[in-house]
Amino acid sequence: MKTIGLVGGLGPESTVDYYKEIIGRFKAINNDASLNYPPIVIYSVNMSVFIGHLKNRRHSDAAAYITEAIENLRKAGADFVAITANTPHLLFPQIQQSSSTPLISIVESACRYAKERQLKKAGLIGTAFTMQSTFFSDVFTKEGIEIVIPAEEEMQFINRKLFDEIELGIYRQETKEQILQIVKRMKERDGIDSLILGCTEFPIMFPNDQYEGIRFLNTTNIHIDDIVKTCLT
């Protein structure tokens, strides 16, 4: 097995989720009959530093910050690395170019998943950085899949709830219902056939495969599937 490297801390809740889910996959593979788990190295970065770089449009500093974390994981023995968050992938080309360590992109993993299921028009929710950037559409459009984002007021609501509640590990039923109302409007207004959970904290709030009659793409689980495959090859 290869040694897995995870850039964590963006945020902490999803980092814990990644670790638990990876171990869970190996329990399933081994039918709980062994303790044969993969070596995993986690480097948890300071989310405030990273978000601060983005807010101040210091994208080169933000990319360098994540690249440094990847280099530390390589030095600790990681054979490949995955970033346990969607937002840093807006800098993925720069990060990948600066690093000699193989990286697994959550966006490319999600795109393959959507293509295999013949999805055509996917809604996207996440941080404002994610929703307002094109790094999802840049990848998905090449495969004939349209990306739709919420209206401006809806985006601001989702972003506020992410940073005021969800990233802090606060999951309120009222917030869940309000986000589902946004999804319902996107389905009726924009004709989306699926929704990308473009923040790795969202799958904790929305654990099911479907809501409002459409498929929800759990980017955490999709990413972990590719991490486990890479670990075993």
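Q94 is not listed as a side-chain neighbour of T67, based on a closest heavy-atom distance of 4.5 Å or more. Between D79 and T230, the closest side-chain pair of non-hydrogen atoms is not below 4.5 Å. The closest side-chain heavy-atom distance from Q132 to E152 is below 4.5 Å. The shortest side-chain heavy-atom distance between Y65 and R58 does not fall under the 4.5 Å cut-off. A heavy-atom distance below 4.5 Å is found between the side chains of L195 and I125. Side chains of T219 and Y113 form no contact here, defined as non-hydrogen atoms less than 4.5 Å apart. In this structure, the side chains of N208 and F216 stay at 4.5 Å or more apart for every pair of heavy atoms. Considering only heavy atoms from C-beta on, F140 comes within 4.5 Å of V107 through its side chain.
Under the side chain to side chain donor-acceptor pair (under 3.5 Å) rule, T130 has a single partner from N86, N159, T87, which is T87. Here the options are T84, V45, I42, the test is side chain to side chain contact (heavy atoms under 4.5 Å, CB included), and the partner is V7; only V45 passes.
F202 is linked by a ring pair (Phe, Tyr, Trp, His ring centres under 6.0 Å) to nothing, counting only residues two or more places apart in sequence or in another chain.
For CD of E174, the number of neighbouring non-hydrogen atoms (other residues, nucleotides, ligands) closer than 6.0 Å is 12 at most. Atom OH of Y211 sits in a crowded spot, with more than 12 heavy atoms from other residues, nucleotides or ligands closer than 6.0 Å.
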Got a list of side-chain donor-acceptor pairs under 3.5 Å for residues 179-186, not counting sequence neighbours?
residue : atom : partner : partner atom : Å
R185    : NE   : E154    : OE2          : 2.9
R185    : NH2  : E154    : OE2          : 3.3

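Residues M47 and V49 are members of one and the same hydrophobic cluster, defined by side-chain heavy-atom contacts under 4.5 angstrom among Ile, Leu, Val, Met, Phe, Trp and Tyr. In terms of hydrophobic clustering, with Ile, Leu, Val, Met, Phe, Trp and Tyr side chains grouped at heavy-atom distances under 4.5 Å, V228 and V41 are assigned to a common cluster. Under the 4.5 Å side-chain heavy-atom criterion for grouping Ile, Leu, Val, Met, Phe, Trp and Tyr, V16 is not connected to Y171 through any hydrophobic cluster. Tracing side-chain contacts under 4.5 Å through hydrophobic residues (I, L, V, M, F, W, Y), one never reaches I170 starting from F206; they form parts of separate clusters. Both I104 and I95 sit in one connected hydrophobic cluster of ILVMFWY residues. Membership requires side-chain heavy atoms under 4.5 Å apart, directly or through other members.
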Just do the side-chain contact (heavy atoms from CB on, under 4.5 Å) check on Y18 and I40 with the steps written out, would you? CA-CA 11 Å; Y18 264 78; I40 302 173; over 6 Å; no
Determine, step by step, whether T101 and L73 satisfy the side-chain contact (heavy atoms from CB on, under 4.5 Å) criterion, reporting the C-alpha distance in whole Å, the side-chain angles of both residues, the deciding distance to 0.1 Å, and the verdict. CA-CA 9 Å; T101 306; L73 287 166; over 6 Å; no
Step by step, would you call E21 with T220 a side chain to side chain donor-acceptor pair (under 3.5 Å)? CA-CA 9 Å; E21 288 296 325; T220 299; over 6 Å; no
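For the residue pair H223 and S105, the shortest heavy atom distance occurs at NE2-C, 3.9 Å. Smallest separation of non-hydrogen atoms from G126 and M131: O-CE, 3.0 Å. Of all the heavy atoms in I158 and P150, the pair that sits closest is CD1-CG, 4.0 Å. Contact between A62 and L54 at its shortest, heavy atoms only, is CB-CD2, 3.9 Å.
A salt bridge links K115 with E143; the closest basic N to acidic carboxylate O contact falls under 4.0 Å.
Under 3.5 Å, the side chains of D226 and S109 contain a donor-acceptor pair of N or O atoms.
Ring-centre distance between F26 and Y37: not below the 6.0 Å cut-off. With ring centers used as reference points, F135 lies 6.0 Å or more from F92.
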